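The structure appears below as structure tokens.
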Amino acid sequence: MIELQKIMKIDRVTKHFGGLIAVNSVSFEILKGELLALIGPNGAGKTTLFNLITGVFKPSIGKIFFDGKEISGKRTSQIARMGIGRTFQIVRPFGKMTVLENVLVPLGKSFYTNLSVFSHSPRENSSISKAMELLKDAYLDDEFDKMASYLPIGMQRRLEIARALALEPKLLLLDEPAAGLNEKESMQLKEYIEKINSNGISILLIEHDMKFVMNIAKRIVVLDHGSKIAEGVPSEVASNPQVIEAYLGRKHKKGDKNA
Amino acid sequence: YKIGFFAPLTGWAAADGSSALHGAELAIQYINDSGGVNGNKLKLIYYDDAMNTAQAVSIAYKLVQQDHVLIAISGSYSSTTRAAAGIYQRLGVPMISAYAVHPQITKTGNLIFRVGTLATVEGRAGAYLAVKILGAKRIAVLTIDNDFGTSLTKGFIEEAKKLGAQIVYSTKYPLGETEFRTILNTLKQSKPDVIYATAYYAEAAHIVFQAKQLGIYVPIIGQEGYDSPKFIQLSEGGSSNDTLITTDLNRDSSKSIVQWFLKTYKEKYGIAADMVSASAFDAVQVAAAGLKSGTTPNKIREGILSIKSLKTSVTDIEHYTKSREVFRPITVQIVLAGKFHFFREITDPDVLNPER
Amino acid sequence: MGYLMTLGIFASIYTILAISLNILTGYAGQVSLGHAALFGIGAYVSAALTVNLGFNYWTALPLSILITALVGALLGLPSLRVHSDFLVLVTIGINFVVVALFKYTPFFGGPYGLLGIPRPSLFGESMNTFEYFLYAVGWATFTILFVYWMSKKYIRVAFEAIKEDEEAAEAMTISVARFKIYAFTISAAFAGLAGNLWAHYMGVIFPGNFSFSKSIEIMTMIVLGGIGTIRGAVLGAVLLIFLPEYLRFVSDYRMLIYGLIIVFTMIFIPSGLLGDRSITWKWTRIFKKGDRVAKNNEN
Amino acid sequence: MEFWQNSINVLVLGSIYVLIAVGLSMIYGILRVLHIAHAGIYTLGAFLSLSIMEVTGNFWIALILSAIISGFLGALMYRYVYKFVLKEERIVPLIVSVGLFITMQDLYRIIYGPYKYPFSISIPIPYIRAGNFYISPLQMLILIITGIILIGLYFVLNKTRIGVGLKACANDSQMAAAVGVNTKLTIALAFFMGSALAAVAGTLVGVYDNSVYPTMGSTVSYKAFVVVVLGGFGSLKGSVIAGFLLAAAEVFLVAWKGFFLPRDAIGFLVMILFLIFLPNGLFGRKER
Amino acid sequence: MLKVENVSISYGKIAAVKDVSIYVGKNEIVAIVGANGAGKTTLINTIMGFVTPQEGKIFVQDHEITSLPPWKKAAFGLAIVPEGGRIFRDLTVKENLFLGAYRIKDKSKIDNKMNEVFQMFPRMRERYRQIAGTLSGGERQMLAIARALMSFPQILLIDEISMGLMPKLVDEVMEAIHSLKSKDVTVLIAEQNTNEVLNIADRAYVMQNGLIVMSGTATELKNNSKIKESYLGI
Ligand SMILES: Nc1ncnc2c1ncn2[C@@H]1O[C@H](COP(=O)(O)OP(=O)(O)OP(=O)(O)O)[C@@H](O)[C@H]1O
Ligand SMILES: Nc1ncnc2c1ncn2[C@@H]1O[C@H](COP(=O)(O)OP(=O)(O)OP(=O)(O)O)[C@@H](O)[C@H]1O
Ligand SMILES: [Mg+2]
Ligand SMILES: [Mg+2]
């Protein structure tokens with residue numbers, strides 16, 4: 001029997017903020033190499049779930065496993081080193097560094113845990129060429145020496161992805177990468193993400209742009225008020241009345257035809 | 001003849017620094033008006049050390065190597081004076097500390113002198129006053145937490161215990177403190193016969209005022225730190241009255257130099273002279289006495305060591321001991337109706353001996 | 001000569017101090033207004049070892065650096081919980097508490113300070129002022145070179161990352177806690193060195209030498225010179241040591257003018273005299289081309 | 001008895017801390033500048049009161065006039081100094097502030113001389129004494145003035161639009177302007193009020209200690225920050241409570257004979273421990 | 001109602017907006033569309049007064065307002081929904097809403113408006129006391145819109161409103177904006193989500209590299225495939 005390998009397992013995870021239950025006993029799994037989308041109304045708890053996975057918050061209840069190991073309770077930097085890269089909903093590149101320097105930061109991954117931080121230089125040719133390669137994939141190679149904060153938002157988004165990829169992650173968490181992009185740019189982004197995914201990197205993606213999601217996701221998990229209300233392939237989810245009611249709105253009934 | 005001088009003229013210690021400078025300037029004027037030293041006029045070269053030891057050290061080099069002074073006078077506090085003393089000793093220029101009390105200053109080397117009374121001696125005099133003269137059995141002690149307070153208290157407690165009194169309360173407080181009510185409240189519970197409070201005039205003014213406010217009427221004994229008209233000005237409602245202090249300056253003295261000094265100082269600077277200015281005045285007088293016997297370091301040194309009852313000093317300077325400290329009687333002053341007055345003189349040589 | 005050499009020694013010591021604070025504040029973004037405490041610990045440890053415990057200077061030197069570094073690591077712990085201006089206040093607080101401890105601990109001489117601290121001896125003879133001047137300049141040069149070298153390595157990248165955005169840095173596998181402690185430790189080690197040099201030059205130290213106002217002075221040096229740069233720290237240190245001395249001719253207005261110079265420099269050249277973005281620095285670079293930093297700033 | 005007497009000390013000492021800190025907190029809240037020069041204004045207030053009192057002979061005129069003049073100078077300080085460096089790194093305004101403070105202190109020394117001036121007034125408040133317990137007229141004066149000012153401030157900040165405007169400016173002054181808040185005026189007003197409060201505090205301390213001198217602000221400059229920070233970022237309520245808490249810690253730890261550190265160090269020690277457990281102060285909202 | 005004449009803005013050496021002229025008629029909804037970095041935000045921020053233009057003039061009903069500070073512009077009835085849901089992060093939802101109504105003195109008017117806003121975004125009523133900085137991305141957008149509406153704007157400047165909003169809300173918000181027409185509000189809206197915005201706009205300008213490269217009625221632009229292709233990337 002072939003067992004599908006799971007890169008991540010989220011097991012009945014709950015997070016409270018004071019009296020508010022932001023994430024409520026959510027369980028789902030991500031398969032190796034899969035591109036899973038996480039959608040749901042504003043304030044449903046999607047970003048909070050990302051923060052739980054990456055160790056920014058600790059789950060109030062529940063466990064998270066990555067690659068067979070429990071990661072809940074570990075420090076963010078440890079989790080990142082295990083192979084989880086992420087982007088932020090509100091972009092946060094290192095604004096006062098150049099684009100190139102931004103990508104050089106994660107390339108020091110193997111030095112940050114020991115004293116070789118003192119002996120290795122980010123200016124070594126191998127690092128620079130590696131970084132330039134990553135930037136090229138993100139269509140950012142022309143901007144390499146600009147200050148990151150001066151870039152338009154779309155480029156900052158791609159820069160964040162490139163930066164996360166430099167960690168050579170097994171799982172990439174993308175929080176609304178298409179927000180604020182026009183359609184041409186989203187198409188470009190879609191290609192970029194698909195390319196990443198085809199290199200074997202599993203992706204968990206939050207996005208409100210339904211056209212984007214329906215096109216790219218193999219499977220979708222829907223959260224509402226912190227709880228999982230649906231899970232399945234795009235067409236299934238898009239026609240789920242609960243999802244339409246809470247999230248898509250009536251107009252989007254035609255949206256599932258698109259998908 | 002050039003005389004070097006340094007003092008804190010800016011920063012938190014500027015008040016004492018300025019007084020010291022004024023005192024020194026007045027002495028220069030006095031000496032030059034009466035013909036100078038062996039016919040040579042004196043010239044004061046002064047710099048601001050901002051109460052910074054680093055600046056005091058660089059000033060020392062500047063005074064000696066660029067200004068070529070024959071002798072230097074410190075109008076500064078202990079830390080700067082002590083740091084600079086090492087340099088003067090190393091460079092072979094005598095230095096006189098006007099009023100800094102750190103016991104180690106004169107131990108720096110054979111060229112370093114002091115004009116003020118050694119703090120431990122003054123502490124002993126305080127104990128003598130409290131126990132022998134006032135007959136106290138139970139004593140409370142307040143110590144300002146710097147070398148001045150610590151040395152005074154050390155001398156005081158040793159002597160007081162030796163004379164048979166009991167220390168019933170003792171605490172430290174920081175320089176610049178204005179709030180003593182908490183301490184005094186606790187002190188009151190220990191029912192002392194007298195309070196020995198080391199302080200400068202600002203803290204002293206608060207202590208005597210707040211003590212009276214709390215209904216503490218036992219005698220308070222202070223020292224030269226109190227010896228400023230500012231003490232009386234700052235302590236409200238005549239609360240400074242009856243305070244006793246051990247000091248070097250006897251304002252009721254019949255010595256003509258004392259009255260000239262007090263009068264001219266007031267005229268010239270618009271403010272009454274204090275202990276610090278008197279000490280700086282005397283430091284210049286001591287320097288002049290040294291210069292009289294020659295201008296080499298050794299001659300100056302010998303000149304100072306051979307002083308006998310210096311007439312031109314505002315405070316009584318009997319002679320210098322071999323550890324380059326002054327031997328002098330200590331006067332006890334009392335505040336009456338808002339003025340310092342002569343109360344008693346302590347002459348017991350055992351108490352006064354700096355070599356003890 | 002002794003005068004200039006003394007100033008040179010102070011400038012060297014403050015160069016080391018300024019650079020060490022620059023590692024912490026300029027590189028790692030941890031604003032500390034308690035740096036004089038570490039300076040003081042270096043000075044006091046070395047002085048106590050030699051004066052009270054009879055250690056040889058050459059043994060006391062590494063020990064004082066090591067102990068200051070350890071204390072630095074310890075004092076860095078609050079920075080893991082406390083951020084931005086709260087951290088600034090904590091560091092100020094640490095400064096006050098450390099000075100109070102010196103003042104209230106008899107072992108450290110209490111208010112009398114520690115005296116008779118020996119000059120280091122070389123071939124059996126204790127150094128004279130000129131030799132000490134060379135010695136101090138030597139250490140300052142070493143510090144400059146070491147930190148320059150360090151600033152080209154990944155450690156600097158990690159520092160910059162936590163300075164800009166701690167959460168993003170964590171996501172980049174950089175353990176914020178570890179690198180904050182590194183910053184505090186390295187910074188403290190150099191501050192300890194500076195303290196050692198100070199104590200053994202002055203021969204006497206007092207608690208008041210390491211007060212909060214000294215911390216402000218060190219901070220002023222790096223900000224005035226250009227924060228985040230070694231050249232700025234050096235210039236700031238040299239300038240603020242020599243400036244008050246050269247202002248002596250205005251005598252009574254010395255501190256007034258000193259204060260005004262600080263205010264006006266910061267208003268007109270806010271990124272510091274030699275800061276990356278300052279006009280004054282760009283002037284000095286006008287004939288050099290192809291500098292990446294300069295190019296960036298035109299964008 | 002001793003406890004009650006010490007409690008009065010806490011109230012008086014606390015009142016002074018609060019007066020200084022509330023003004024600072026307002027300015028800090030809005031500009032996030034570590035405004036060390038606030039202590040320079042405090043000293044200015046004391047000197048102005050002293051001088052005006054010499055001319056007019058009336059303490060109340062002196063107090064109010066000095067508060068107004070100091071307030072204006074504070075606002076000018078914003079307009080002609082801080083404004084230019086606000087966009088820079090946070091440490092730059094701090095250094096500017098340090099420079100200003102050095103300049104101000106030395107200016108007072110040059111004008112007034114380095115000595116302490118006595119500042120005594122007579123006020124028609126009876127001496128309250130019951131056995132060993134007493135409240136002096138000056139203590140009463142400080143308590144009353146602080147009380148009035150705090151109530152007034154509460155009213156201004158909570159019942160007028162100035163308060164909301166201040167909050168908005170503190171948060172995002174550009175957006176505040178977009179919703180119609182005259183940010184220029186509001187910031188100037190914060191400086192005016194804060195500086196006037198500092199001047200009142202300086203005057204009261206001058207009278208209470210019966211001494212006014214150029215460096216009287218030195219300790220205050222950082223003590224006030226302890227209070228502001230303990231209270232939490234720019235939270236006025238926090239500053240008030242923190243001011244009294246700090247005073248209480250200082251008074252009672254000094255009274256406790258076994259404690260070995262001086263008063264200032266106690267204040268800081270309390271602050272450090274406090275912040276380690278409550279890293280955002282009493283009423284601080286997490287800064288993001 | 002709103003007229004922008006030959007405005008140019010640059011940040012240092014970068015020219016972000018070059019010689020742009022647009023106008024918005026009374027009760028009209030006009031969209032500015034264009035790629036990333038085209039200069040939309042810069043233009044909107046300039047109209048609100050966050051940025052001062054190097055050249056050109058801006059008028060509201062014949063009053064020149066070019067370089068007035070924002071609070072004076074607010075007095076002319078301008079309000080902004082800024083990019084990225086820029087709300088007062090340290091204040092509560094309630095305080096944010098009241099600040100929106102900062103210039104309104106009539107309490108009952110405020111209360112009525114508040115109810116209206118709550119109907120549009122029930123979530124805001126639920127989270128009345130939450131610190132705005134902890135709201136989710138979409139909730140912040142809602143609050144930003146609600147805050148702008150609280151000021152009874154005559155001219156509403158909207159920047160990238162759909163960013164981060166869920167599809168259902170995008171529709172609802174777009175409808176709400178459309179309905180502002182009937183409430184005497186003039187709207188200038190910058191948007192990437194071209195399809196949605198062209199559905200509700202009357203007219204639109206296309207921006208690219210700081211220039212207006214195209215303008216016309218929404219229907220024209222929607223149906224012109226060449227334009228869609230080259231500028232809008234649809
Ligand atoms: N620190 C916090 N304190 C209190 N409430 C919080 C906090 N962080 C998030 N919340 C609340 O938790 C809920 C979930 O927030 P989250 O950011 O995860 O939503 P989301 O699904 O990402 O929404 P969106 O699509 O709008 O970004 C929201 O209602 C938010 O207001
Ligand atoms: N503060 C700034 N400093 C320097 N350049 C800036 C600044 N803000 C914007 N720019 C530049 O100005 C140009 C126009 O930016 P603007 O934000 O107005 O575009 P936009 O059309 O709103 O784009 P987006 O879709 O990303 O919001 C861009 O090239 C941008 O990099
Ligand atoms: Mg989110
Ligand atoms: Mg934009």
Side-chain angles (χ1 to χ4, degrees), chain A residues 50-51 54-56 75-88 91-124 127 143-151 160 163-164 166-167 169 173, chain C residues 23 26-29 69 80-81 145-183 185-187 189-190 227-229 271 275-277 289-299:
Chain A
F50 266 27
N51 285 333
T54 53
V56 175
R75 292 188 59 95
T76 307
S77 51
Q78 283 175 316
I79 293 174
R81 195 166 305 112
M82 291 172 73
I84 300 184
R86 76 169 299 184
T87 67
F88 295 92
V91 281
R92 45 207 300 186
F94 299 114
K96 285 184 192 150
M97 295 187 195
T98 63
V99 169
L100 177 66
E101 284 165 339
N102 261 277
V103 182
L104 288 172
V105 173
L107 286 177
K109 180 184 168 190
S110 53
F111 310 127
Y112 293 138
T113 48
N114 50 54
L115 290 179
S116 51
V117 270
F118 287 98
S119 56
H120 284 79
S121 164
R123 300 271 163 228
E124 281 160 17
S127 311
E143 327 284 334
F144 78 99
D145 63 346
K146 290 221 179 93
M147 271 278 244
S149 59
Y150 289 168
L151 294 180
E160 273 205 338
R163 194 176 66 172
L167 290 172
L173 309 179
Chain C
I23 295 172
Y27 290 176
L80 305 185
R81 274 187 70 76
L145 293 178
F146 180 86
V147 176
Y148 178 77
W149 169 78
M150 193 182 87
S151 74
K152 298 288 167 212
K153 303 295 178 195
Y154 259 108
I155 178 113
R156 171 82 191 274
V157 174
F159 284 162
E160 289 290 327
I162 61 171
K163 172 184 174 186
E164 283 216 17
D165 186 336
E166 293 189 8
E167 205 176 309
E170 279 275 340
M172 298 289 101
T173 75
I174 296 168
S175 161
V176 172
R178 167 195 283 256
F179 282 96
K180 276 188 182 171
I181 298 294
Y182 273 5
T185 312
I186 298 170
S187 173
F190 282 105
I227 197 162
T229 62
S271 40
D276 280 339
R277 290 183 297 125
K289 55 175 186 175
D291 185 80
R292 194 181 51 75
V293 179
K295 207 165 93 198
N296 267 336
N297 297 313
E298 279 157 25
N299 288 337

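From a predicted model like this one, the values you see are computed outputs, not experimental measurements. Protein chains get the first letters and strands the later ones, always in sequence-line order, with residue 1 at the start of each.
With a 4.5 angstrom heavy-atom cutoff, C:Ile186 touches chain A only via side-chain atoms. Contacts between A:Val105 and chain C at a heavy-atom distance below 4.5 Å involve backbone atoms as well as side-chain atoms. In this structure, the portions of A:Met97 lying under 4.5 Å from any heavy atom of chain C include both its backbone and its side chain. Contacts of A:Phe118 with chain C are made by both backbone and side-chain atoms, with heavy-atom separations under 4.5 Å. In this structure, chain C has heavy atoms under 4.5 Å from both the backbone and the side chain of A:Phe94.
Atoms OG and NZ, from A:Ser121 and C:Lys153 in turn, are 5.0 Å apart once rounded to the nearest 0.5 Å. Interatomic distance, OG1 of C:Thr173 versus OH of A:Tyr112, reported as 6.5 Å (0.5 Å rounding). Once rounded to the nearest 0.5 Å, the distance linking OG1 of A:Thr113 with CD1 of C:Ile174 reads 11.5 Å. Between the CD1 atom of C:Ile162 and the OG atom of A:Ser77 there is a distance of 11.5 Å, given to the nearest 0.5 Å.
Between C:Phe179 and A:Val117 there is a side-chain heavy-atom pair separated by less than 4.5 Å. Counting only heavy atoms from C-beta outward, the side chains of A:Thr76 and C:Glu167 never approach each other to under 4.5 Å. Looking only at side-chain heavy atoms (C-beta outward), C:Tyr154 and A:Ser127 come within less than 4.5 Å of each other.
The one candidate from A:Asn102, A:Leu167, A:Leu107 that meets the side chain to side chain contact (heavy atoms under 4.5 Å, CB included) condition with C:Met172 is A:Leu167. When each of C:Glu160, C:Lys163, C:Glu164 is paired with A:Lys96, the side chain to side chain contact (heavy atoms under 4.5 Å, CB included) condition holds for C:Glu164 and for no other.
Annotation: maximal heavy-atom pairing with chain C below 4.5 Å, among A:Gly95, A:Pro93, A:Gly55, occurs at A:Gly95.
Here the closest heavy-atom approach between residue C:Ala171 and residue A:Ala80 is recorded as O-CB, 3.3 Å.
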